[in-house]
Each structure stands twice: as structure tokens, then as C-alpha cells.
Amino acid sequence: PLGAALGTTSVARAQKSGDIGEKMFYEGLTKMKAGKYDEACPLLDEAFRSDNRPASLFYFAECEKGAGRTASALGLYRDYVGLVAGLKGLIKTREKNRDDDAKAAIKVLEEDVPQLTLTLPKDAPKGTVVTRDGVQVQEEVFGTAVQMDPGIHTILVETPKGDKREQKLKLDKSDRKKIEVQLPKA
């Protein structure tokens with residue numbers, strides 16, 4: 001399917017039409033086919049933001065999966081399936097094969113995507129702030145498994161007094177880790 005999507009007539013048509021989203025789409029597909037995921041994925045993301053076409057979202061998910069960002073890919077495939085479910089007529093029919101592929105990818109990724117559950121120690125001072133990869137963990141998320149991309153993740157704990165402690169942890173494919181964050185030493 002990717003080879004068909006990269007047909008030279010389509011690329012030429014996009015270049016002539018001046019459609020920025022379509023240009024980014026075909027450039028992203030070309031880079032993805034060449035294995036240049038770090039260049040391709042942002043282009044496909046922008047293409048979808050620009051044109052809101054289901055194909056752009058599907059190939060953005062494919063790119064994220066190819067780059068090894070499985071949690072991101074899983075979310076994008078789910079978004080794609082939701083988008084296609086709301087389509088009608090010929091547009092929905094054209095998406096049938098990709099929709100089937102997305103549903104199959106979801107089944108595989110649900111098993112492969114690592115999950116991380118963070119908990120706070122019982123003696124954590126009120127107002128302790130925990131960030132995961134620079135994003136604050138909301139209180140209601142503690143104790144809940146969160147799907148994450150594989151790789152190294154940074155957990156930073158800061159007490160109300162300003163004491164800090166950083167933890168690094170590695171998540172591999174299919175990991176299910178539960179971590180009690182470590183408080184800074186006073």
C-alpha cells in the first residue's frame with residue numbers, strides 16, 4: 001500500500017496544487033519509506049493537522065510505530081479507527097483496508113506497549129510534585145498504569161521545601177512496572 005501511495009503522479013499533482021498538507025504527506029511518506037522516521041513523523045503529523053485526512057493520521061501512526069514509539073502509535077491508531085467510524089459512504093469504503101490494518105496493529109500494540117504505574121510513599125509531604133519526562137503527574141494518576149513508549153524515562157520528585165531527586169528508568173517492550181518514587185534525602 002505504501003508504494004501505491006507514493007505514486008509519482010500524486011506527488012506531482014500535490015506539488016502543482018500548492019496544497020501544503022498534501023506536500024508534507026508525500027514528503028513524509030517518502031522519508032518513512034527510507035526509514036527516516038525522525039524526519040518523517042513530524043511531517044505526517046503536520047500533514048494531518050493541515051488536511052485532517054484519515055490517510056494522514058494512519059500513516060502518522062505507522063511512522064510512530066516504525067520509530068519504536070509504540071504508545072504514541074497505539075493512541076494514533078485508536079484515533080484513526082474512531083475517525084473512520086464516523087465516516088460515511090465512499091470515503092469510509094476507501095479507508096476499509098487501512099481500518100482493518102489499524103485494528104490489527106492495535107491488537108498487537110496493546111500487548112507490546114510498556115506500562116508504568118507510579119506511587120508515592122505514604123510519608124510523602126503534602127504538596128510533593130512528581131514529573132515524568134518533564135510533565136507533572138496529576139494526583140489521580142498515581143496507582144494507575146500509564147502506557148508509555150519504550151526507552152529511558154526521567155522521574156523527578158520535588159518536595160514543598162524544594163528538595164529534589166531524579167530517577168531514571170528503562171521501559172522495554174511489554175514491560176509492566178510499578179515504581180514507588182523515591183523521596184529526596186533531607
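Reckoned from all heavy atoms, side chains included, excluding hydrogens, waters and symmetry mates. For clarity, every value in this text was computed on a predicted model and none was experimentally measured.
- Judged by distance alone, the side chain of T93 and the main-chain N or O of G89 form a donor-acceptor pair under 3.5 Å.
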Stepwise side-chain contact (heavy atoms from CB on, under 4.5 Å) check, T128 with L120
CA-CA 9 Å; T128 297; L120 271 175; 4.3 Å; yes
I would like to know whether Y77 and E62 meet side chain to side chain donor-acceptor pair (under 3.5 Å); could you show each step before the answer?
CA-CA 8 Å; Y77 282 124; E62 290 278 287; 2.2 Å; yes
Working note: V146 + T117, criterion side-chain contact (heavy atoms from CB on, under 4.5 Å); need CA distance, chi angles, decisive distance, verdict.
CA-CA 6 Å; V146 175; T117 304; over 6 Å; no
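- Counting only distance, with no hydrogens or angles, the side chain of D149 and the backbone of S72 share a donor-acceptor pair below 3.5 Å.
- Closest heavy-atom contact between G28 and A40: O-CB, 3.3 Å.
- Taking 4.5 Å as the limit, every side-chain heavy atom of F60 sits out of range of all side-chain heavy atoms of Y80.
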Which pairs of donor and acceptor atoms, one on a side chain in residues 103-115, lie under 3.5 Å apart (sequence neighbours left out)?
from, atom 1, to, atom 2, distance (Å)
K103, NZ, D99, OD2, 3.2
E110, OE2, R78, NH2, 2.9

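- I155 is listed as a side-chain neighbour of V130, based on a closest heavy-atom distance under 4.5 Å.
- Taking hydrophobic clusters as Ile, Leu, Val, Met, Phe, Trp and Tyr residues chained together by side-chain heavy-atom distances below 4.5 Å, L76 does not share a cluster with M148.
- Here the CD-CD distance, from Q167 to E180, works out to 9.5 Å after rounding to the nearest 0.5 Å.
- Here the SG-CZ distance, from C63 to R69, works out to 6.5 Å after rounding to the nearest 0.5 Å.
- The only option from V181, L156, V137 that meets the side-chain contact (heavy atoms from CB on, under 4.5 Å) definition with R132 turns out to be V137.
- Side-chain atoms of T159 come within 3.5 Å of backbone atoms of D163 as a donor-acceptor pair (strictly under, hydrogens ignored).
- In plain terms, the two heavy atoms of P160 and G127 that are nearest each other are CG-C, 3.8 Å.
- Counting heavy atoms from C-beta outward, R165 and L183 have side chains that stay 4.5 Å or more apart.
- Between K170 and D172 there is a salt bridge, with a side-chain nitrogen of the basic residue lying less than 4.0 Å from a carboxylate oxygen of the acidic one.
- Atom NZ of K177 is separated from atom NE2 of H153 by 9.5 Å, given to the nearest 0.5 angstrom.
- Separation of atoms CG (D45) and OG (S56) is listed at 10.0 Å; rounding is to 0.5 Å.
- Atom CG of L44 sits about 12.0 Å away from atom CD of E39, to the nearest 0.5 Å.
- Using a 4.0 Å cut-off between a side-chain N of Lys or Arg and a carboxylate O of Asp or Glu, K92 and E95 do not qualify as a salt bridge.
- With F48 as the aromatic partner, R53 does not meet the cation-pi criteria of under 6.0 angstrom to the ring centre and within 45 degrees of the ring axis.
- For L87, the CG atom counts as densely surrounded, since its 6.0 Å shell holds more than 12 non-hydrogen atoms of other residues, nucleotides or ligands.
- More than 12 heavy atoms of other shown residues, nucleotides or ligands fall within 6.0 angstrom of atom CD in Q138.
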Passes side-chain contact (heavy atoms from CB on, under 4.5 Å), D101 versus F58? Steps please.
CA-CA 9 Å; D101 291 347; F58 175 82; 4.0 Å; yes
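- Evaluation of the side chain to side chain donor-acceptor pair (under 3.5 Å) rule for K168 yields T154 as partners, not counting sequence neighbours.
- Remark: L171 CG to L169 CG distance equals 5.0 Å, nearest 0.5 Å.
- D133 and I152 get closest at one heavy-atom pair: OD1-O, 4.4 Å.
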Can V157 and V129 be said to form a side-chain contact (heavy atoms from CB on, under 4.5 Å), step by step?
CA-CA 6 Å; V157 180; V129 175; over 6 Å; no
